[in-house]
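Right, one structure below, let's go through it.
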There are 2 protein chains.
Amino acid sequence: MLDRALTLDELLCFSLYSANHAMGRLYRPLLARFDLTYPQYLVLVALWQQDGRKVGDLGTVLQLESNTLTPLLKRMEAAGLIRRARNPQDERSVIVTLTDKGRALEGEAAEISNCILAAADADLAELAELRDRLHRLTERLREAG
Amino acid sequence: MLDRALTLDELLCFSLYSANHAMGRLYRPLLARFDLTYPQYLVLVALWQQDGRKVGDLGTVLQLESNTLTPLLKRMEAAGLIRRARNPQDERSVIVTLTDKGRALEGEAAEISNCILAAADADLAELAELRDRLHRLTERLREAG
DNA sequence: CTCCATTTTATCGAATGCGATTAAATCGTG
DNA sequence: CACGATTTAATCGCATTCGATAAAATGGAG
């Protein structure tokens, strides 16, 4: 329990907000060359890792619901990156599959992670530790929610 | 330089994105009781710390531009939290000032930080270190951008 | 003083992101 | 089989967020 109001810079939530902002600003121009937005890139990373997922499963890993994913996926489908098709085994669900174009982007965009790592200008071990601390924090925050 | 594609969970940017999301989800119900959104809360924190700032100065601390701040501040003005007035010394700038209602929220919302700290379920030193690591990362990312 | 560059905020369109609700398909129990 | 409960996406409205641009005020050079 603290006895005074926190300043903006003292708030953990603001440091997260700012770091996320800064990361987004770094990604934006790199992704723009592929006509990708940042959430669209995350969808691709998820599909490169495992293709043919249901909308709901993508939502689970990305922590997004269909109200966000459906229009996002429709834009990606319009851009020719993915296909959306009802699951024949269960017509309630929609399966998202990479197109050739979507798959091809994996190689072309591979350099992006390295650009980010270079920008972060820290050794891999340090960044990995920060990442793991963030995962643990996220876990605790979700449990509390 | 890595020789393989990273999974979603390995990406530092995604750990930031997820932690920020999780934090937002924790804040949302707490802020909803005051009819506040998260960015609106950040504006209030900034003004509680120093009232009477120009739109551009708020943008500097929050890393937001007028295209985001202007509509956000108009909604806050409509909600009776702040006042917006042209600076008589320089009519280009707009000074943002807390109303009595906006000032009063500081006391009422004081518990929110503590709810978040409780949810994070870690000691203050650990969270402070994570926060400082994030600040340093943000700094490096901004320099690279 | 005039005119152009600069500063500062505002506007517009597009893309998330979320709460609430709806619609369609499936499941389960009688 | 029938029918209500559940699951899964989709839709709607609102609030950010950003890139691009505009508009108004100020400043500075001549």
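By convention in this document, chain letters (A, B, ...) are assigned in the order of the sequence lines, proteins followed by strands, and residues within each chain are numbered from 1.
- No donor-acceptor pair closer than 3.5 Å links the side chain of A:Ser66 to the backbone N or O of A:Leu69.
- The distance from atom CG of B:Leu69 to atom C1' of D:dA15 is 13 Å, rounded to the nearest whole Å.
- Using cut-offs of 30° and 60° on the angle between ring planes, the pair B:Tyr27 and B:Tyr38 is tilted.
- Counting only distance, with no hydrogens or angles, the side chain of A:His21 and the backbone of B:Leu62 share no donor-acceptor pair below 3.5 Å.
- The closest donor-acceptor contact from the side chain of A:Ser15 to the backbone of A:Leu12 lies under 3.5 Å.
- Put simply, the side chain of A:Val43 does not reach to within 4.5 Å of the side chain of A:Leu81, judged on heavy atoms.
- B:Leu73 has its CG atom 16 Å from the P atom of C:dT8, to the nearest Å.
- B:Gln49 places a side-chain N or O within 3.5 Å of a backbone atom of A:Leu8 that can act as its donor or acceptor partner.
- Contacts of residues 14-42 of chain B with DNA chain C (heavy atom under 4.0 Å): B:Tyr17, B:His21, B:Arg25, B:Arg28.
- Classification of the A:Trp48-A:Tyr41 ring pair by plane angle, with boundaries at 30° and 60°, yields perpendicular.
- Rounded to whole Å, atom P of C:dA20 lies 11 Å from atom CD of A:Glu65.
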Contact letters for nucleotides 23-29 of chain C, in which S counts primed atoms plus P, OP1 and OP2 and B counts the base, heavy atoms under 4.0 Å:
--BS---

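- When all heavy atoms of B:Ala119 and B:Leu26 are compared, the pair lying nearest together is CB-CD2, 3.2 Å.
- For B:Arg84 and C:dA10, the shortest distance from a side-chain N or O to OP1 or OP2 is below 4.0 Å.
- Remark: of the listed residues A:Gln40, A:Glu77, A:Arg75, A:Glu77 is the sole one forming a side-chain contact (heavy atoms from CB on, under 4.5 Å) with A:Ile82.
- Using a 4.0 Å heavy-atom distance criterion, A:Leu64 is classed as a sugar-phosphate-only contact.
- Heavy atoms only, all atoms of each residue included: B:Ala46 and B:Arg53 are closest at O-NH2, 2.9 Å.
- A donor-acceptor pair under 3.5 Å links the side-chain atoms of A:Arg86 to the main chain of A:Arg92, judged by distance alone.
- In this structure A:Arg103 satisfies the salt bridge (charged side-chain N to carboxylate O under 4.0 Å, His left out) test together with A:Asp51, A:Asp100, sequence neighbours excluded.
- In terms of phosphate contacts, B:Arg86 brings no side-chain nitrogen or oxygen within less than 4.0 Å of OP1 or OP2 of D:dA25.
- Applying the salt bridge (Lys or Arg N to Asp or Glu O under 4.0 Å) test to pairs two or more places apart or on separate chains, those with a residue in residues 132-145 of chain A are A:Glu129-A:Arg133, A:Arg133-B:Glu129, A:Arg140-B:Glu126.
- Within residues 46-63 of chain B, no residue places a heavy atom under 4.0 Å from DNA chain D.
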Please tabulate the protein-to-nucleotide N/O contacts below 3.5 Å involving nucleotides 11-13 of chain D, giving atom names and distances.
{"from": "D:dT11", "atom 1": "OP2", "to": "A:Lys74", "atom 2": "NZ", "distance (Å)": "2.6"}

